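Inspection log for the structure reproduced underneath, given as structure tokens.
Any value given below was found using the heavy atoms of this structure, including those in side chains, with hydrogens, waters and symmetry copies removed. All values derive from a computational prediction rather than experimental measurement.
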Amino acid sequence: MSAEEEENAAELKIGEEFLKAKCLMNCEVARVLDHRFEIIQQTSDDPMNNISQVFEKSMQYVKRFSRYQNPDAVNQVREILSRYRLAEFELCVLGNLCPETVEEAIAMVPSIKSKERAITDEMIETMLQDLANIKKFE
């Protein structure tokens, strides 16, 4: 991004390195940390002594704010949101915050309604309904 261009997430101007970066939703981070914790438990005589405070607090945070617990539901959420060709950070914001209305979704991620995209309010409504159904049947 050149010095003259200003970053603006609402217009998806966040820098090339961020557009290409892989983001994880809280529920995905929780799965990664759970897996790491299992490895620590299996390989350590005193697993609680080998866990840093940062690791423990991070695990508590992502578990508290994870909207989806079931691994299959987590995969479905990512698959549904990926259909709309969202940027990774847009996908994660919507997956983490789970807006209930089109207006909330646009307020949280204004870039989903950019002129370059063909995402209609009806498409956003369908996306949100699909996410709500996953949460309902989890």
Side-chain angles (χ1 to χ4, degrees):
M1 185 166 278
S2 71
E4 294 85 39
E5 291 183 31
E6 191 172 325
E7 292 183 2
N8 184 344
E11 296 175 9
L12 207 55
K13 292 181 182 178
I14 58 173
E16 196 64 29
E17 64 275 5
F18 291 110
L19 284 174
K20 293 180 179 180
K22 178 73 172 174
C23 298
L24 296 176
M25 293 178 286
N26 289 336
C27 49
E28 293 171 313
V29 174
R31 287 175 55 190
V32 170
L33 293 180
D34 276 339
H35 179 71
R36 180 70 181 131
F37 184 70
E38 288 174 16
I39 291 171
I40 291 170
Q41 284 183 317
Q42 294 170 359
T43 59
S44 178
D45 295 332
D46 186 10
M48 294 314 288
N49 197 29
N50 289 335
I51 294 176
S52 72
Q53 187 176 11
V54 171
F55 182 93
E56 187 177 344
K57 294 285 185 186
S58 299
M59 203 158 144
Q60 289 172 359
Y61 176 88
V62 294
K63 285 186 175 191
R64 180 176 181 201
F65 293 105
S66 291
R67 300 293 182 146
Y68 306 94
Q69 307 302 321
N70 181 317
D72 291 332
V74 173
N75 294 336
Q76 288 177 342
V77 167
R78 183 165 281 280
E79 190 271 321
I80 285 169
L81 292 172
S82 294
R83 290 181 203 159
Y84 295 91
R85 297 187 177 167
L86 302 172
E88 281 288 319
F89 88 94
E90 294 171 318
L91 183 148
C92 288
V93 168
L94 293 173
N96 283 339
L97 299 178
C98 300
E100 295 180 4
T101 66
V102 172
E103 293 78 19
E104 284 180 356
I106 294 169
M108 291 175 189
V109 186
S111 58
I112 61 175
K113 287 295 285 186
S114 69
K115 294 176 185 172
E116 295 83 32
R117 295 202 179 166
I119 299 178
T120 64
D121 287 355
E122 292 77 23
M123 293 169 78
I124 296 170
E125 181 66 43
T126 301
M127 175 190 349
L128 298 178
Q129 188 59 50
D130 290 346
L131 294 178
N133 286 337
I134 291 171
K135 186 65 180 160
K136 186 185 323 179
F137 294 111
E138 183 178 31

Q. Rounded to the nearest 0.5 Å, how far does OG of Ser66 lie from OH of Tyr61?
A. 9.5 Å

Q. Rounded to the nearest 0.5 Å, how far does CE of Met59 lie from CD1 of Ile51?
A. 6.5 Å

(Q) When you compare the side chain of Glu90 with that of Ile112, does any pair of heavy atoms fall below 4.5 Å? (A) yes

Q: With the side chain counted from C-beta on, respond yes when Thr126 and Gln129 share a heavy-atom pair under 4.5 Å apart, and no when they do not.
A: no

**Q.** Spacing of CG belonging to Asp34 relative to CD belonging to Gln41, to within rounding of 0.5 Å
**A.** 9.5 Å

Q: Test salt bridge (charged side-chain N to carboxylate O under 4.0 Å, His left out) on Arg78 and Glu88 and set out the steps.
A: CA-CA 10 Å; Arg78 183 165 281 280; Glu88 281 288 319; 3.2 Å; yes

Q: Give the C-alpha distance, both sets of side-chain angles, the deciding distance and a yes or no for side-chain contact (heavy atoms from CB on, under 4.5 Å) between Phe55 and Ser52.
A: CA-CA 5 Å; Phe55 182 93; Ser52 72; 3.4 Å; yes

(Q) I'd like to check Met25 versus Tyr68 (side-chain heavy atoms, cut-off strictly below 4.5 Å). Are they in contact? (A) no

(Q) Just so I know, are the side chains of Cys27 and Val62 near enough to count as touching, which here means a heavy-atom distance under 4.5 Å? (A) no

Q | CG on Asp121 to CD on Glu103, rounded to 0.5 Å | A | 7.0 Å

Q | Salt bridge present between Glu138 and Lys135 (N-O < 4.0 angstrom) | A | yes

(Q) Can you confirm whether Leu86 sits close enough to Ile119 that some side-chain heavy atom of one is under 4.5 Å from a side-chain heavy atom of the other? (A) yes

Q.
Quick check: do Glu104 and Thr101 have side-chain heavy atoms less than 4.5 Å from each other?
A. yes

Q) Closest approach of Gly95 and Arg67, non-hydrogen atoms and distance? A) O-CG, 4.0 Å

**Q.** Side-chain donor or acceptor of Asn26 paired with backbone N/O of Asn96 under 3.5 Å
**A.** no

Q. Taking the side chain as C-beta and beyond, is there a heavy-atom pair between Arg31 and Pro71 under 4.5 Å?
A. yes

Q. Can you tell me how far CG of Asp130 sits from CZ of Arg83, rounded to the nearest 0.5 angstrom?
A. 6.0 Å

Q) Ile80 and Ile134: which non-hydrogen atoms are nearest, and at how many Å? A) CD1-CD1, 3.2 Å

Q. Does the side-chain contact (heavy atoms from CB on, under 4.5 Å) test come out yes or no for Leu94 and Met127, once each step is laid out?
A. CA-CA 10 Å; Leu94 293 173; Met127 175 190 349; 4.0 Å; yes

Q. In the single-linkage hydrophobic clustering (I, L, V, M, F, W, Y; side-chain heavy atoms under 4.5 Å), do Leu33 and Ile39 co-cluster?
A. no

**Q.** 4.5 Å side-chain heavy-atom contact, Ser82 and Leu91
**A.** yes

Q) Could you give the distance from CD (Glu38) to OG1 (Thr43), rounded to the nearest 0.5 Å? A) 11.5 Å

